[in-house]
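Input: a single structure, listed below in structure tokens.
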Amino acid sequence: MTDPTIEAAAQILGDSLGLLRDAIDGLPAAALDERPSGPDTNSLAVVVTHALHSTRAWLSVAVAAPLPDRDRPAEFEASAADLDAFLAGVDATSKDCRALLEHAGPFDPGRVGTAPWRPGDLAQEPVTAAWALIHALVHLREHVGHAQLTRQAL
């Protein structure tokens with residue numbers, strides 16, 4: 001990895017993934033599945049699952065990697081009932097995200113892609129690699145803060 005944009009993104013990504021993992025570290029499955037602010041809010045398991053799957057998908061757009069299979073609605077049904085499997089999934093998806101930037105070729109910020117998981121006409125709306133990269137990092141960091149606040153509420 002020699003592109004300064006990708007190097008910077010990898011540093012930010014690594015920091016964010018570490019903070020996201022810290023937000024769930026040491027909690028039992030019941031706490032990860034709790035919705036501390038009521039039934040219309042998301043559990044930590046949901047926040048973390050959505051954040052990671054979204055990040056992996058947007059990074060794939062950014063670096064022109066094959067798009068991962070993604071069932072966005074299912075992310076909001078995630079559960080940590082099988083704690084070991086949940087944590088293994090978190091770690092594996094985090095590793096996938098890091099690998100996308102570690103193995104990225106030359107970054108072309110103007111390259112255009114689409115995000116088929118977006119609703120309606122947005123699924124075909126073109127986005128630049130630069131937009132996808134920035135969105136991946138900002139969206140992840142937003143959910144890191146969300147996860148940190150949810151943990152505090154628990």
Side-chain angles (χ1 to χ4, degrees), residues 6 9-10 12-25 27-105 107 111-151 153-154:
I6 295 298
I12 294 166
L13 175 70
D15 290 345
S16 296
L17 291 173
L19 291 169
L20 192 65
R21 188 63 163 82
D22 289 347
I24 62 171
D25 227 15
L27 293 176
L32 293 170
D33 284 339
E34 186 176 338
R35 297 173 188 258
S37 297
D40 291 338
T41 63
N42 292 314
S43 68
L44 269 170
V46 166
V47 171
V48 169
T49 298
H50 169 68
L52 290 173
H53 287 263
S54 178
T55 300
R56 182 177 56 188
W58 283 112
L59 290 176
S60 296
V61 172
V63 301
L67 296 180
D69 289 333
R70 183 172 183 204
D71 182 353
R72 189 177 185 281
E75 295 166 18
F76 293 91
E77 302 298 325
S79 171
D82 181 341
L83 184 59
D84 291 336
F86 176 76
L87 294 175
V90 166
D91 293 339
T93 307
S94 294
K95 183 178 177 181
D96 290 347
C97 290
R98 286 183 178 97
L100 284 164
L101 296 184
E102 288 171 8
H103 303 296
F107 182 61
R111 191 188 42 72
V112 174
T114 59
W117 57 85
R118 296 170 85 187
D121 292 340
L122 290 176
Q124 298 306 316
E125 182 179 308
V127 295
T128 64
W131 191 95
L133 180 63
I134 292 168
H135 181 72
L137 297 173
V138 169
H139 184 255
L140 173 59
R141 201 56 169 230
E142 175 183 338
H143 285 305
V144 166
H146 185 182
Q148 291 169 328
L149 288 171
T150 301
R151 183 178 178 125
L154 291 171

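Looking only at atom types and distance, the side chain of D33 has a donor-acceptor partner in the side chain of S79 under 3.5 Å away. Side-chain polar atoms of R141 and S16 form a donor-acceptor pair below 3.5 angstrom.
By the 4.5 Å heavy-atom criterion applied to side chains, L67 and T114 are not counted as neighbours. When side chains are defined from C-beta on, R21 counts as touching D91, because their heavy atoms get closer than 4.5 Å. Taking 4.5 Å as the limit, some side-chain heavy atom of R70 sits within range of a side-chain heavy atom of E75. Between I24 and L87 there is a side-chain heavy-atom pair separated by less than 4.5 Å. Using a 4.5 Å heavy-atom threshold, the side chains of L59 and L13 count as touching. At a threshold of 4.5 Å between non-hydrogen side-chain atoms, the residues L17 and T55 do not count as touching. Between T150 and N42, the closest side-chain pair of non-hydrogen atoms is not below 4.5 Å. Counting heavy atoms from C-beta on, the side chains of L83 and P28 never come closer than 4.5 Å.
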Legend entry - Intermediate values then yes/no, side chain to side chain contact (heavy atoms under 4.5 Å, CB included), V63 and I6: CA-CA 9 Å; V63 301; I6 295 298; 4.3 Å; yes
Inset, instruction - Take T49 and F86 through the test side chain to side chain contact (heavy atoms under 4.5 Å, CB included) and record every step on the way to the result. - result: CA-CA 9 Å; T49 298; F86 176 76; 3.5 Å; yes
Legend entry - side chain to side chain contact (heavy atoms under 4.5 Å, CB included) evaluation trace for V61 with W131: CA-CA 9 Å; V61 172; W131 191 95; over 6 Å; no
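Atom CG of D25 has more than 12 heavy atoms from other residues, nucleotides or ligands within 6.0 Å. Residue D71 places its CG atom among more than 12 non-hydrogen atoms of other residues, nucleotides or ligands, all under 6.0 Å distant.
Nearest approach of V47 to H143, heavy atoms of both residues: CG1-O, 3.7 Å. Scanning both residues, P116 and A123, for their nearest heavy atoms gives O-CB, 3.7 Å. When all heavy atoms of S94 and L52 are compared, the pair lying nearest together is OG-CD2, 3.6 Å. Residues A62 and F107 approach most closely at O-CE1, 3.4 Å, considering heavy atoms. Taking every heavy atom of both residues into account, A80 and A29 meet most closely at O-CB, 2.9 Å.
Note that the CD atom of E102 and the CG atom of L100 stand 9.5 Å from one another [nearest 0.5 Å]. For the atom pair H53 NE2 and D69 CG, the distance stands at 11.0 Å (nearest 0.5 Å). Residue L44 holds its CG atom at 10.5 Å from CD of Q148, rounded to the nearest 0.5 Å. How far OG of S54 is from CG of L140: 8.5 Å, rounded to the nearest 0.5 Å.
Between H135 and H139, the angle of the ring planes stays under 30°, which puts this pair in the parallel group of the 30/60° scheme.
Judged by distance alone, the side chain of R72 and the main-chain N or O of H50 form no donor-acceptor pair under 3.5 Å. Checking side-chain atoms of R111 against main-chain N and O of A129 turns up no donor-acceptor pair under 3.5 Å.
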